[in-house]
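Throughout, a chain's letter reflects where its sequence line sits, starting with A, and its residues are numbered from 1.
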Amino acid sequence: MVVRFAPSPTGPLHIGGVRTALYNYLLARKHGGRFILRIEDTDQTRFVPGAEEYIIEALTWCGIEFDEGPHIGGPHAPYRQSERKALYAQYAHLLVERGWAYYAFDTESELEEMRQRFEAAGMVAPQYNAVTRPYMKNSLTLPPEEVQERLRTQPYVVRFLVPRGREVRFYDEIRGWVSVHTKEMDDKVLLKSDGMPTYHLANVVDDHLMRVTHVIRGEEWLPSTPLHVLLYEAFGWERPKFAHLPLLLRPDGGGKLSKRDGDQLGFPVFPLQWRDPQTGETSEGYRERGFLPEGVVNYLALLGWHPAEEREIFTIDELIEAFSLERVSKAGARFDFEKARWVNQQHLRALPLRRLAELIRPLWESRRLPPVPENSLMALIELARERATLLPEIIEAVRFYYEPPTFPLPDQQGAKLNLALVEELPEWIGELVELEPWTAEDVERFIRRKAEARGLPIGKVLPTLRLALTGDVSGPSLYKIMEVLGRGETITRLERFLAAYGVQRQV
RNA sequence: GCCCCGUUCGUCUAGCCCGGUCUAGGACACCUCUCUUUCAAGGAGGAAACAGGGGUUCGAAUCCCCUACGGGGUACCA
């Protein structure tokens, strides 16, 4: 099996593209096949610098790796279509020789004129086809000498000559049989006047030359597949299997998820941050939002595919094992950011502590938070990961560690203090100094014992202590907080708290 | 407009190919209860869907047709 991902470098890859790449990758790995990256940069006007690098970096971050491509080479190099330009022209001319294509000389304004003329005659969207072709300037209508003359002196395109009266049928691995009559097809340009091929020609030629066995791409290509099928026939090549993936739709129902939707939808549509070189505008990526690549890949896999079992959480290796084209659905899938978050949360919890620490430390440092020793960091992560969905939430959940409370507390919080406990506190502190050892379990035992002895309900004690130590009423286990804070810091904070509130008691 | 593809809970979907086992299953989100010092997480439960209409059949979510709706395509863009 040979599959390929063939993006055009017109901007950042959006998550729909990531999913297409992912499905190709999963299949290649599952069947021990090859996975090719081919850059379809045949539209020079839409080329965006940095886009190719972005695509590779984004897929690498996702754990999607290629066997061949412009960045690693391979037996079918080059892998950028712009570098294969001459090749396509040869094949285009070959089709003309065989009578499957012809030269056309119509200018842009002549094409426009034709459209208007036929529209005036009642046609809805006039195309370059059997009906209009005879009225145009091409090698089928012009005398041979004039054609030769024009070929020497003028720009021209090569158009496909759609055969008449045929039903083109092909089997789509996801949709089943699809058939289109050639009367619905138009004479698509194969070779543009700048000598570059269009998608259709380049794609078919390269897929054949690169021995691609399965063309797995977005549904937007379904309507042009009959043309591709005819091209394989015209060249006399065996055609690959086709599979057209359902599209990723906007959550609000207005069409397919597009690059332009950007973060105005409230969630990223790109895997990585992207800075538009033209406008300087920056779009956030999943990585920057704090998603794990495992989470993104897992959620994306689920959008349009369903495993045979009811499990939903998969590592990429498990996806390779479980994935199959037969279980890909036909209908477009609406993107659900909430579920993406949930899937990410599942992976966050499953990640080894060490790896999490490696991810959190750079975040910690980039926020210029006070230095934290490795063992404390791990302890903090352990505390926070249960209540986090995205990476940065871990850091926010341990705010108490790097940001001690300031006293007096805001009125709203201060109102929740239990003053009876405040009175007891000096004595407690005295005993805490001696508490040995200082673990969450010991601290808990101590607090419970003291509270009981004084007849203070634990439900009153803990919130007060929590406010004194963290300034907040909610968060991770207070005993564990005291453990990571350590005896020294805990007592310091309690004393500072007392200094602020001990006075009030006298009043 | 025309062509192609699609349509099961709000969302992702199972079931459909090979009609009865479907009083339609799971997951996210939502609601209730529970656990808990708190917030989460966890546990238990709940509400929630076969687009509509015709056929075929003893029987249809499943097969056929029509309609509606959604999406895609209709460029010298991919």
**OP:** Mind checking ring-ring contact (aromatic ring centres under 6.0 Å, His included) for A/Phe5 and listing every partner two or more places apart, or none if nothing turns up?
**Re:** none
With the side chain counted from C-beta on, respond yes when [X] and [Y] share a heavy-atom pair under 4.5 Å apart, and no when they do not.
X        : Y        : value
A/Thr225 : A/Phe170 : yes
A/Leu161 : A/Leu95  : no
A/Lys183 : A/Arg164 : no

Proximity to the side chain of [X] - top-ranked nucleotide from [options]:
X        : options                : answer
A/Leu222 : B/rU13, B/rC5, B/rG73  : B/rC5
A/Lys256 : B/rG73, B/rU38, B/rC76 : B/rG73
A/Pro223 : B/rC5, B/rA40, B/rG72  : B/rG72
A/Ser329 : B/rC76, B/rU13, B/rA78 : B/rU13
A/Arg349 : B/rC4, B/rG6, B/rG42   : B/rG42
A/Val180 : B/rA14, B/rC4, B/rC77  : B/rC4

Taking the six-membered ring of [Y], is the NZ or CZ of [X] close enough (under 6.0 Å from the centre) and on axis enough (within 45°)?
X        : Y        : value
A/Arg311 : A/Phe314 : yes
A/Arg169 : A/Tyr171 : no
A/Arg159 : A/Tyr128 : yes

Original post:
If the P atom of B/rU38 is compared with that of B/rG46, how far apart are they to the nearest Å?
Top reply: 26 Å
Decide, yes or no, whether a salt bridge links [X] with [Y] under the criterion of side-chain N to carboxylate O below 4.0 Å.
X        : Y        : result
A/Lys330 : A/Glu219 : no
A/Glu40  : A/Arg38  : yes
A/Asp186 : A/Lys188 : yes

What is the distance from [atom1] of [X] to [atom2] of [N], rounded to the nearest Å?
X        : N      : atom1 : atom2 : value
A/Glu220 : B/rA75 : CD    : P     : 16 Å
A/Glu52  : B/rA78 : CD    : C1'   : 16 Å
A/Glu310 : B/rA24 : CD    : C1'   : 13 Å
A/Gln346 : B/rG42 : CD    : P     : 7 Å
A/Ile15  : B/rC12 : CD1   : P     : 14 Å
A/Leu190 : B/rC77 : CG    : C1'   : 15 Å
A/Arg466 : B/rA40 : CZ    : C1'   : 11 Å
A/Trp221 : B/rC77 : CH2   : C1'   : 8 Å

Please determine whether a side-chain nitrogen or oxygen atom of [X] lies at a distance below 4.0 Å from atom OP1 or OP2 of [N].
X        : N      : result
A/Lys192 : B/rA78 : yes
A/Ser474 : B/rU37 : no
A/Arg448 : B/rU37 : yes
A/Arg327 : B/rG15 : yes

When we call it a touch if two heavy atoms are under 4.0 Å apart, what does [X] touch: a base, just sugar-phosphate, or nothing?
X        : answer
A/Ser193 : base
A/Arg159 : sugar-phosphate
A/Ala125 : base

Subject >> Heavy-atom donor-acceptor pair, A/Arg334 side-chain to B/rC12 base, under 3.5 Å >> reply: no
Counting Watson-Crick and G-U wobble pairs only, both distances under 3.5 Å, name the nucleotide matched with [N], or none.
N      : result
B/rC63 : B/rG55
B/rU37 : none
B/rG6  : B/rC69

Subject >> Per-nucleotide protein contact string for nucleotides 28-33 of chain B, where B marks a base within reach and S marks sugar-phosphate only (heavy atoms under 4.0 Å, - for neither) >> reply: B-----
**OP:** Take A/Gln127 and A/Glu184, find for each the nucleotide of RNA chain B with the closest heavy atom, and name the residue whose nucleotide sits nearer the 5' end.
**Re:** A/Glu184
**OP:** Please figure out whether A/His181 or A/Glu40 has its closest RNA chain B nucleotide nearer the 5' end.
**Re:** A/His181
Subject >> Of A/Trp342, A/Phe267, A/Tyr299, the residue whose pairing with A/Phe337 passes ring-ring contact (aromatic ring centres under 6.0 Å, His included) >> reply: A/Phe267
Subject >> Strand contacts (RNA chain B) in residues 107-124 of chain A, 4.0 angstrom heavy-atom criterion >> reply: A/Val124
